[in-house]
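First the structure, in the form of structure tokens, and then the observations on it.
Chain identifiers are assigned alphabetically (A, B, ...) following the order of the sequence lines, protein sequences preceding nucleic acid strands; residue numbering begins at 1 within each chain.
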2 protein chains.
Amino acid sequence: MTELFSPKELLRCADCPIRKRAVCAYCEPAELADLDAIKSYKTFAAGETMVWSGDVVSHFSSIVSGVATLSQTLDDGRRQMVGLLLPSDFIGRPGRGQITFDVEAKTEVTVCRFECRPFEVLLGKIPHLRERLLDMTMDDLDAAREWMLVLGRKTAREKIASFLAIVARRVLSVEGAMPERDLEFDVMLTREAMADYLGLTLETVSRQMNALKKDGVIVLEKKRAIKVPVFSRLVAETGDDTGFSF
Amino acid sequence: MTELFSPKELLRCADCPIRKRAVCAYCEPAELADLDAIKSYKTFAAGETMVWSGDVVSHFSSIVSGVATLSQTLDDGRRQMVGLLLPSDFIGRPGRGQITFDVEAKTEVTVCRFECRPFEVLLGKIPHLRERLLDMTMDDLDAAREWMLVLGRKTAREKIASFLAIVARRVLSVEGAMPERDLEFDVMLTREAMADYLGLTLETVSRQMNALKKDGVIVLEKKRAIKVPVFSRLVAETGDDTGFSF
DNA sequence: CGCGTCATTTGACACAGATCAAAGACGACT
DNA sequence: AGTCGTCTTTGATCTGTGTCAAATGACGCG
């Protein structure tokens, strides 16, 4: 369980990689100090379940690095991912003790976390915190609704293309600008996890990935490492020209 | 375009049928007076589009009576409903001018609405309003995520059963207690709208409704009027015993 | 009362994606 | 370098839903 960030390196919020996008994004330095006082870091290993559905959670967390997923399971084992958590995403629901989804670390994940009660107190004290939380929740809602269109109405090929386009946008927007050509990134998920996200089987995911590769839409170098020669070509395969905001 | 509620009847918030569940639910009488001062009512005919995707909206609205839907359309006409709006549901996104979904009245709909700017000012002034809006948004997010499981992993029969169970819970919770046996309600949607909600075709919806009827899970009296002899029997058909909170 | 419109049902058939099965690939560990 | 476990690919079939088409029913209107 090696750590990408040691607690020491991160003690100062000013240096935090997610400072500008996390729940604390709107906070002034003085307000940040209040959060700083109650925060701590924790790292989870790849594959570890961070929270089980139904658990009473003790902390709210922001992902600092790594990738986690939110998912639901039916009694007979059918599984659906309902959220993809990347750096700056928030986990937990102020006002509710419970969480109704499993949260799993797909890579090693480091979170910045706050005990529920103290955080809820700050929520009452810091308007900027509330505003950011509401904005993030509304963004999540929009993303979930975009995804319902993908799940309900798109073909397997369109689902894969939509997924890759979303991941490309999100991963690369964390890093900075996104070029139209020759963009490269990693899908950090197994074919099975992609299938769970897309409402498909892993076999279908594999076949469609290879079909997109054969058609030159993507280049697969190391199974998970995707290269997209022309981004608009990928977008054209998603079925809708209107891009996602996820 | 007959009106179920005339503006006059509704002038006083204290008498409002959605007083306890709408965005104003947490407000004190004094706070309510501020909202009262900027509110107005509007009625839409069944079938009317209340907002087009991409529109810059001038008002935020709460549904007072009737049923509306939130939906997205792909270029080639494929359609997915992403929200079912019943009395007390809120339409619009403070902080964003645009809406990215079509909002359609499926029955005659009366809304209580507020101009965006004045409402946003009150949002800054009234903590109870903010809190309620955040709670409602989080409830919507949970509902959307539950629905992703339905869209991604359930069979046609399970989808129909899930839909009926959700509508039963929502419609009847507005009216009061929900009995286990012999509950009756109206699905206010056509087979086509149900199909759009469930990611199915209207033919499949029709077939599965009749299959559930043949198996005695539901009784169909007038196409849209559903009777459920034993509610738990319907829930058993949804594929998951863990009920929905929608 | 008959006509037109719209919602719904029913039937026959096709196909996308699921399922079942097996073989490769790749990395980690000894 | 070899072995084990996990992830991925590939092939052969099956099946749930979609698609196309037409009949039936429900309701308002002249």
Side-chain angles (χ1 to χ4, degrees), chain A residues 1-2 45-48 74 76-80 104 106-108 150-164 186-214 218-226 237 239, chain B residues 1-2 45-47 74 76-80 104 106-108 150-163 186-214 218-226 237 239:
Chain A
M1 207 201 288
T2 53
E48 202 172 340
L74 251 28
D76 60 0
R78 282 175 288 174
R79 228 164 192 296
Q80 178 65 47
E104 291 170 75
K106 290 294 169 184
T107 63
E108 180 179 275
V150 174
L151 287 173
R153 293 301 184 194
K154 292 199 178 178
T155 65
R157 169 181 263 243
E158 289 169 339
K159 285 180 176 183
I160 300 287
S162 300
F163 174 75
L164 293 177
D186 250 55
V187 291
M188 310 110 310
L189 305 178
T190 63
R191 301 285 122 114
E192 187 177 30
M194 287 177 62
D196 284 344
Y197 205 153
L198 296 165
L200 298 171
T201 58
L202 68 279
E203 292 96 328
T204 299
V205 170
S206 177
R207 281 187 248 265
Q208 295 297 338
M209 289 282 284
N210 289 316
L212 287 175
K213 173 183 164 190
K214 188 159 62 63
I218 59 175
V219 179
L220 279 174
E221 268 140 5
K222 286 168 44 282
K223 301 295 180 201
R224 308 272 184 97
I226 308 285
E237 295 286 352
Chain B
M1 206 200 289
T2 52
L74 252 27
D76 61 0
R78 283 175 287 175
R79 225 160 199 293
Q80 177 65 49
E104 290 170 77
K106 289 293 169 184
T107 63
E108 180 178 276
V150 173
L151 288 173
R153 293 300 184 193
K154 291 199 178 177
T155 65
R157 170 182 263 244
E158 289 169 338
K159 284 180 176 182
I160 300 287
S162 299
F163 174 76
D186 249 56
V187 291
M188 312 109 309
L189 305 178
T190 64
R191 301 283 123 115
E192 186 176 30
M194 287 177 63
D196 284 345
Y197 206 153
L198 296 165
L200 298 171
T201 58
L202 68 281
E203 292 96 329
T204 299
V205 171
S206 176
R207 280 187 250 266
Q208 296 297 339
M209 289 281 285
N210 288 316
L212 286 175
K213 174 184 166 191
K214 189 160 62 63
I218 60 175
V219 179
L220 280 173
E221 265 140 7
K222 287 166 47 279
K223 301 297 179 200
R224 309 272 183 97
I226 308 286
E237 295 286 352

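- The side chain to side chain donor-acceptor pair (under 3.5 Å) test applied to B/Thr190 returns no partner, not counting sequence neighbours.
- By the salt bridge (Lys or Arg N to Asp or Glu O under 4.0 Å) test, A/Glu104 is found to be paired with A/Arg79, A/Lys106, residues two or more places apart in sequence or in another chain being considered.
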Residue pair A/Leu220, A/Leu212: steps toward the side-chain contact (heavy atoms from CB on, under 4.5 Å) verdict:
CA-CA 10 Å; A/Leu220 279 174; A/Leu212 287 175; over 6 Å; no
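- The C1' atoms of five pairs define one axis at each end of the helix from C/dC1-D/dG30 to C/dT30-D/dA1, and these two axes lie 30° apart (to 10°).
- When the side chain to side chain contact (heavy atoms under 4.5 Å, CB included) test is applied to B/Ala211, the partners found at least two apart in sequence or on another chain are B/Arg157, B/Gln208.
- The shortest non-hydrogen separation linking A/Arg224 to A/Leu189 is CD-O, 3.3 Å.
- Running 5' to 3' along DNA chain C, contacts with non-hydrogen atoms of chain B at under 4.0 Å begin and end at C/dA7 to C/dA12.
- With sequence neighbours excluded, the residues forming a side chain to side chain contact (heavy atoms under 4.5 Å, CB included) with B/Ala225 are B/Asp186, B/Lys222, listed by chain and number.
- Evaluation of the side chain to side chain donor-acceptor pair (under 3.5 Å) rule for A/Thr204 yields A/Thr201 as partners, not counting sequence neighbours.
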Could you write nucleotides 6-19 of chain D as a row of B, S and -, 5' to 3', where a protein heavy atom under 4.0 Å of any base atom gives B, of only sugar-phosphate atoms gives S, and otherwise -?
-SSBBBB----SSB
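- A/Arg191 is linked by a side chain to side chain donor-acceptor pair (under 3.5 Å) to nothing, counting only residues two or more places apart in sequence or in another chain.
- In this structure, B/Lys159 does not pair ionically with B/Glu237, as no charged nitrogen and carboxylate oxygen lie closer than 4.0 Å.
- Judged as a side chain to side chain donor-acceptor pair (under 3.5 Å), and not counting sequence neighbours, B/Arg207 has no contacts.
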